[in-house]
Amino acid sequence: MPTPRFFIDAPTDAFQLGGRFELPPKTARHAGRSLRLAAGEIVELFNGTGAAWSGPVGFSDASAWVELEHRTDRTAESPLAITLLQSLVAPEKADWIVEKAVEAGISEIIFMPAERSVTKLAGERLEKRLARLTDIARSAAEQCGRNVVPLVRAVPSLEAGFKTVSGDVKFVLAPGADASASSMLPGLLSVAFAVGPEGGFSAREIELAAAHGWRPQLLGPRVLRTETAGLAAAIWAQTLVGDLPRAC
């Protein structure tokens, strides 16, 4: 059974080896009631900065804690920093995209409006959605073994997304585009992918992306849904740079 892992929103100096770390109430309830952990079982805590601390968990009637015995700085991060610039989609699709993007090793997920986006978010509603998506990213990092939690944020416009996102190479995924970019990726340190909403980017949006240095790219012969295109792109890129094994 994998070691239970918990994201803790606390500064690194709060985790002192040889000391006792009191779990937040919500985490304590999850450990004791949901996971039914027994006192003495080894658990791991991380705060998203890259390190993790482990030790036996303990319980009382009102609280739970971990005796911090070991620290590890191992990383499950990809050698390729991947940014996903994702057009706004329905909430359930956004939840799924963030969860799977974390599992796939994506470094940052940025949401933006697009012409064909059905979902429109701004102000307080946007802040609430981003808070929920950040929680999903943290839970996904717990599950998949990453000690770094990808940043989830939003930009106010499509042009802002195309202008502000950086990368050694930037691809806007588009049916009918060129599919011969495989030789560009080995040796790169960062890459960005822009994914349109249901219905894809308009011709005007693809032209706007190209004007800001984005290269139209086709992943393959099949049209992918918005919730799978970015993940497929990430797997494609990481296979080419060696983070994931190629088929024999």
Side-chain angles (χ1 to χ4, degrees), residues 1-78 82 84 86 89-109 111 127-153 227-228 230-231 234-235 238 243-245:
M1 175 181 174
T3 301
R5 307 179 74 244
F6 303 103
F7 173 83
I8 304 294
D9 190 8
T12 298
D13 59 11
F15 302 89
Q16 298 294 325
L17 291 182
R20 171 180 289 190
F21 187 91
E22 294 284 338
L23 295 178
K26 183 178 179 180
T27 304
R29 288 193 299 271
H30 181 58
R33 299 179 186 177
S34 300
L35 298 182
R36 298 184 180 276
L37 298 179
E41 289 191 60
I42 301 299
V43 302
E44 188 171 74
L45 309 180
F46 71 105
N47 66 348
T49 62
W53 299 263
S54 61
V57 66
F59 297 95
S60 70
D61 291 340
S63 64
W65 60 87
V66 177
E67 303 288 349
L68 300 180
E69 296 180 343
H70 302 284
R71 170 178 168 149
T72 178
D73 293 295
R74 74 175 187 278
T75 177
E77 297 306 296
S78 169
I82 303 175
L84 174 60
Q86 173 69 51
V89 293
E92 64 275 10
K93 290 185 178 181
D95 292 354
W96 192 90
I97 287 168
V98 168
E99 180 182 80
K100 302 311 174 188
V102 175
E103 294 177 18
I106 289 173
S107 307
E108 183 177 20
I109 306 113
F111 288 91
E127 292 304 315
K128 287 182 178 179
R129 284 297 304 158
L130 290 175
R132 171 172 169 75
L133 293 171
T134 296
D135 284 343
I136 289 172
R138 291 170 173 175
S139 295
E142 287 179 352
Q143 181 274 325
C144 73
R146 292 181 70 176
N147 290 336
V148 175
V149 179
L151 178 64
V152 182
R153 61 186 181 95
E227 63 266 36
T228 54
L231 306 181
I235 298 302
Q238 291 187 102
D243 185 48
L244 299 176

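On a predicted model such as this, the values are computed, not experimentally measured, just so you know. Quick note: numbers below take in every heavy atom, side chains included, and nothing from hydrogens, waters or symmetry partners.
A141 and V149 make their closest contact through CB-CG2, 4.1 Å (heavy atoms, listed as atom of the first residue, atom of the second, distance). The minimum heavy-atom distance linking F21 with A10 is given by the pair CZ-CB, 4.3 Å. The two residues V152 and A137 make their nearest non-hydrogen contact at CG2-CB, 4.1 Å. When all heavy atoms are compared, the tightest approach of W96 to E227 is CZ3-O, 3.0 Å.
Looking at heavy atoms from C-beta onward, Q143 lies in side-chain contact with E103 at the 4.5 angstrom threshold. Annotation: side chain of L45 is not in contact with side chain of T27 (no heavy-atom distance under 4.5 Å). Side-chain contact between F111 and R129 is absent, with no heavy atoms from C-beta onward closer than 4.5 Å. No side-chain heavy atom of I106 sits under 4.5 Å from any side-chain heavy atom of P150.
For E99, there are no salt bridge (charged side-chain N to carboxylate O under 4.0 Å, His left out) partners at least two apart in sequence or on another chain. Partners of F46 according to the ring pair (Phe, Tyr, Trp, His ring centres under 6.0 Å) rule, which considers only residues two or more places apart in sequence or in another chain, are F7. Applying the side-chain hydrogen bond (donor to acceptor under 3.5 Å, both in side chains) rule to T228 yields no partners; only residues at least two apart in sequence or on another chain are considered.
Atoms NE2 and CD, on H70 and E44 in that order, are 11.0 Å from each other to the nearest 0.5 Å. In this structure, the separation between CG on D95 and CD1 on I136 is 3.5 Å, given to the nearest 0.5 Å. The structure places CZ of R71 at 6.5 Å from OG1 of T12, a figure rounded to the nearest 0.5 Å. Interatomic distance, CZ of R33 versus CZ of R36, reported as 10.5 Å (0.5 Å rounding). Here the CD atom belonging to Q16 is positioned 8.5 Å from the CG atom belonging to L68, to the nearest 0.5 angstrom. For the atom pair I97 CD1 and L133 CG, the distance stands at 9.5 Å (nearest 0.5 Å).
Screening residues 48-61 for salt bridge (charged side-chain N to carboxylate O under 4.0 Å, His left out) gives no qualifying pairs among residues at least two apart or on separate chains. For residues 7-24, the pairs satisfying salt bridge (charged side-chain N to carboxylate O under 4.0 Å, His left out) are D9-R138, R20-E67, with sequence neighbours left out.
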Distance-only donor-acceptor pairs under 3.5 Å for side chains of residues 49-59, two or more places apart:
| unit_1 | atom_1 | unit_2 | atom_2 | d |
| --- | --- | --- | --- | --- |
| T49 | OG1 | N47 | OD1 | 2.7 |

Using the side chain to side chain contact (heavy atoms under 4.5 Å, CB included) rule, take I8 and L23 through it: C-alpha gap first, then chi angles, then the decisive distance, then the call. CA-CA 8 Å; I8 304 294; L23 295 178; 4.3 Å; yes
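Salt bridge status for R5 with E142: absent, with no side-chain N to carboxylate O gap under 4.0 Å.
Side chains of Q238 and S78: a donor on one and an acceptor on the other come within 3.5 Å.
Checking side-chain atoms of R146 against main-chain N and O of V102 turns up a donor-acceptor pair under 3.5 Å.
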